[in-house]
Protein chains: 2
Amino acid sequence: MSAASDDLVVLVVDDDFRVARLHAEYAARVPGVRVLEPVGTAAAARRAIAQHRPGLVLLDAYLPDESGLDLLRDIDADVFLLSAASDADTVRTALRRGALCYLIKPFAADALTDRIAAFQRFANVVPADPARTLDQEAIERGLRIVHSGDSPGGSRSRSATEQAVLDAVERADAELSAVDVAERVGVSRATAQRYLSGLAADGSIRVQLNYGSTGRPEHRYLPRG
Amino acid sequence: MSAASDDLVVLVVDDDFRVARLHAEYAARVPGVRVLEPVGTAAAARRAIAQHRPGLVLLDAYLPDESGLDLLRDIDADVFLLSAASDADTVRTALRRGALCYLIKPFAADALTDRIAAFQRFANVVPADPARTLDQEAIERGLRIVHSGDSPGGSRSRSATEQAVLDAVERADAELSAVDVAERVGVSRATAQRYLSGLAADGSIRVQLNYGSTGRPEHRYLPRG
DNA sequence: ACCCCCTGAGCACAATGCGCAAAACCGGTT
DNA sequence: AACCGGTTTTGCGCATTGTGCTCAGGGGGT
């Protein structure tokens, strides 16, 4: 794994060049990994993949010229899907189209480095080599390896209620008051407000004050945008 | 799980009609599975998939009119790849194109039935539902379930108590709290909860949070959808 | 005897709803 | 402009309920 010709060649595809650089830098920390210059569009990804034939593509779900999930179907490369999207349908689609791994942005470096290292071990057990014959146990051991690893290193996991409050705000087609959110989630106003103020404080949602009726200004909540 | 509308619809695609029937019969043994009439060509598979929208396709790698691996890329369905081919390159290609499982023919019935049951549990944890939000842990747990639900060649057997807890949830005509389950099974609340949380984690049952009274939200358990 | 697995009891603490006081607003009056 | 009253909303403390964990004990297998 020390000879350059044996390195795992990794390509990062993300239209946000700072994010792309960050992920490229994470990947470069893994021993035996060589990272190509990141690209920001599906078209550039196709060209880079055809030219360099990377062993692994770190693919963003949303690209300016094409859905990353559609590109995923076409490129016939080993892919990790990296996305801020965390709805189950997107995850299912990505997996169905061949993503070996799905990482919710933002994530800590070790979430990605652990996964890449696991992929390297997987590729050792299940190499892309027609001369190698596997039995069922080896295949399943390989799959367990690629999905093994340490606990997810991403951001702090939200509680179910906090996530439900955030979802209610993100899914609304208009700004919501605390009372609105409480009704939608099914919790008390006080609980909704508790979470809303926390989410606003950490920048996950936005607040606007609504004036014009007697009484305190009403806080209205919107997605971060 | 008795309502036909909640069944997992499975399509077998294999040109050897005896093998296809055998695999269809295996699949039909899994509770909650409805098996379509098998088809023997890629063209027929495309038609059947467009018409019936199966939840799972059991796909042979070699079809008379097209490579099963090429069809795999096109059909955008959840697929198990079943093949006599055991070279590592074919395995890698299948996984890269989205096969959730690779079974080397011939295989025993329980190799397939266990995998299908694991898929059902996976689909409970990662449903194809845009309204559901997942965290990284849930995604990875889902992947572990589908790839390594049980050890090869046989089910991990449930203890009597675990089975009794699962039965209590499945038989109830309404969602149950841990206290309810404890009473029905005749174990302590802590024991019931221990098993309930394990069953929920492995996708065998669903949890909903019940709000409205002071104190922590109450976990309510339902059968898998 | 030793080990492993399972169970229940007890406890710490997480998370919720309720009730209330205070903050903040608007409109009217002086 | 300043003040007041009425109203609405926010934010906090507290009591309560539920979850998850630890530990001791029991039973079964080797």
Side-chain angles (χ1 to χ4, degrees), chain A residues 151-152 155-169 172 174-222, chain B residues 125 133 135 137-138 141 150-151 154-169 172 174-202 204-222:
Chain A
S151 52
S155 45
R156 167 186 68 89
S157 193
R158 298 191 193 282
S159 73
T161 308
E162 184 179 40
Q163 186 64 55
V165 168
L166 179 59
D167 290 344
V169 174
E175 57 197 32
L176 298 181
S177 68
V179 172
D180 297 330
V181 172
E183 280 167 10
R184 291 179 187 218
V185 174
V187 296
S188 71
R189 188 274 309 164
T191 295
Q193 209 153 16
R194 197 179 284 142
Y195 284 109
L196 288 164
S197 71
L199 290 165
D202 76 23
S204 305
I205 57 178
R206 284 185 295 145
V207 195
Q208 286 177 349
L209 294 186
N210 187 56
Y211 296 102
S213 49
T214 63
R216 282 183 72 155
E218 187 181 54
H219 291 49
R220 294 273 178 86
Y221 299 94
L222 297 99
Chain B
V125 172
T133 297
D135 60 13
E137 189 271 334
R141 183 157 42 85
D150 296 291
S151 51
S155 303
R156 173 183 67 86
S157 55
R158 297 195 192 282
S159 71
T161 307
E162 186 178 38
Q163 187 62 50
V165 167
L166 179 58
D167 290 344
V169 173
E175 56 196 33
L176 298 180
S177 68
V179 172
D180 297 330
V181 171
E183 280 167 11
R184 290 177 189 219
V185 174
V187 294
S188 72
R189 188 274 307 166
T191 295
Q193 210 155 18
R194 192 180 291 136
Y195 285 109
L196 288 165
S197 71
L199 290 164
D202 81 17
S204 303
I205 58 177
R206 284 185 293 150
V207 194
Q208 285 177 348
L209 291 186
N210 187 57
Y211 298 105
S213 49
T214 300
R216 284 182 70 154
E218 187 181 55
H219 289 53
R220 294 274 179 86
Y221 298 93
L222 298 98

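Numbers restart at 1 for each chain; the letters A, B, ... are given by sequence-line order, proteins then strands. Below, all heavy atoms of this structure are taken into account, side chains as well, without hydrogens, waters or symmetry copies.
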Using atom CG of Leu196(B) as one end and atom P of dG20(D) as the other, report the distance to the nearest whole Å. 10 Å
Roughly how many Å is it from CD in Gln208(A) to P in dT9(D), rounded to a whole number? 17 Å
Both Tyr221(B) and Gly215(A) contact DNA chain D. Taking the nearest nucleotide for each, which residue is further toward the 5' end? Gly215(A)
A side-chain contact here means heavy atoms from C-beta on lying under 4.5 Å apart; do Tyr211(B) and Thr161(A) qualify? yes
Picking from dT19(D), dG6(D), dG17(C), the nucleotide nearest the side-chain atoms of Thr214(A) would be dG6(D)
Whole-Å distance separating the CZ atom of Arg194(B) from the P atom of dG18(D): 19 Å
Which part of the nucleic acid, if any, lies within reach of Thr161(B) when heavy atoms closer than 4.0 Å are counted: base, sugar-phosphate only, or nothing? sugar-phosphate
Side chains of His219(B) and Leu209(B) in contact at under 4.5 Å (non-hydrogen atoms): yes
Rounded to the nearest Å, what distance is computed from the CD atom of residue Gln193(B) to the P atom of nucleotide dT7(C)? 15 Å
On the nucleotide dT9(D), are OP1 or OP2 found under 4.0 Å from the side-chain N or O atoms that His219(A) carries? no
Atom CD of Glu218(A) and atom P of dT9(D) are separated, to the nearest Å, by 5 Å
What nucleotide, of dG17(C), dA9(C), dT17(D), holds the atom closest to the side chain of Tyr211(B)? dG17(C)
I need the CG-P distance between Asp180(A) and dT9(D), as an integer number of Å. 10 Å
If you take all heavy atoms of Tyr195(A) and Ser159(A), which pair is closest and at what distance? OH-OG, 3.9 Å
Quick check: do Leu176(A) and Arg184(A) have side-chain heavy atoms less than 4.5 Å from each other? yes
Is there a side-chain contact between Tyr195(B) and the phosphate of dC6(C), meaning an N or O under 4.0 Å from OP1 or OP2? no
Return the 5'-most residue of the pair Leu209(A), Gly212(B) with respect to DNA chain C, ranking by each residue's nearest nucleotide. Gly212(B)
So, does Thr191(B) get its side chain near the phosphate of dT7(C), meaning an N or O under 4.0 Å from OP1 or OP2? no
5'-most contact on DNA chain D (nearest-nucleotide basis), Ala178(B) vs Ser213(A), goes to Ser213(A)
Rounded to whole Å, how long is the line connecting atom CG of Leu176(A) with atom P of dT9(D)? 15 Å
How close or far is atom P of dG18(D) from atom CZ of Arg216(B), stated in whole angstroms? 11 Å
Would you state whether a donor and an acceptor, one from the side chain of Arg189(B) and one from the base of dG20(D), lie under 3.5 Å apart? yes
Can you confirm whether Arg194(B) sits close enough to Thr191(B) that some side-chain heavy atom of one is under 4.5 Å from a side-chain heavy atom of the other? yes
Which nucleotide wins on minimum distance to the side chain of Ala190(A), given the candidates dC18(C), dA15(C), dA9(C)? dC18(C)
Please classify the nucleic acid contact of Val187(A) as base, sugar-phosphate, or nothing, using heavy-atom distances under 4.0 Å. sugar-phosphate
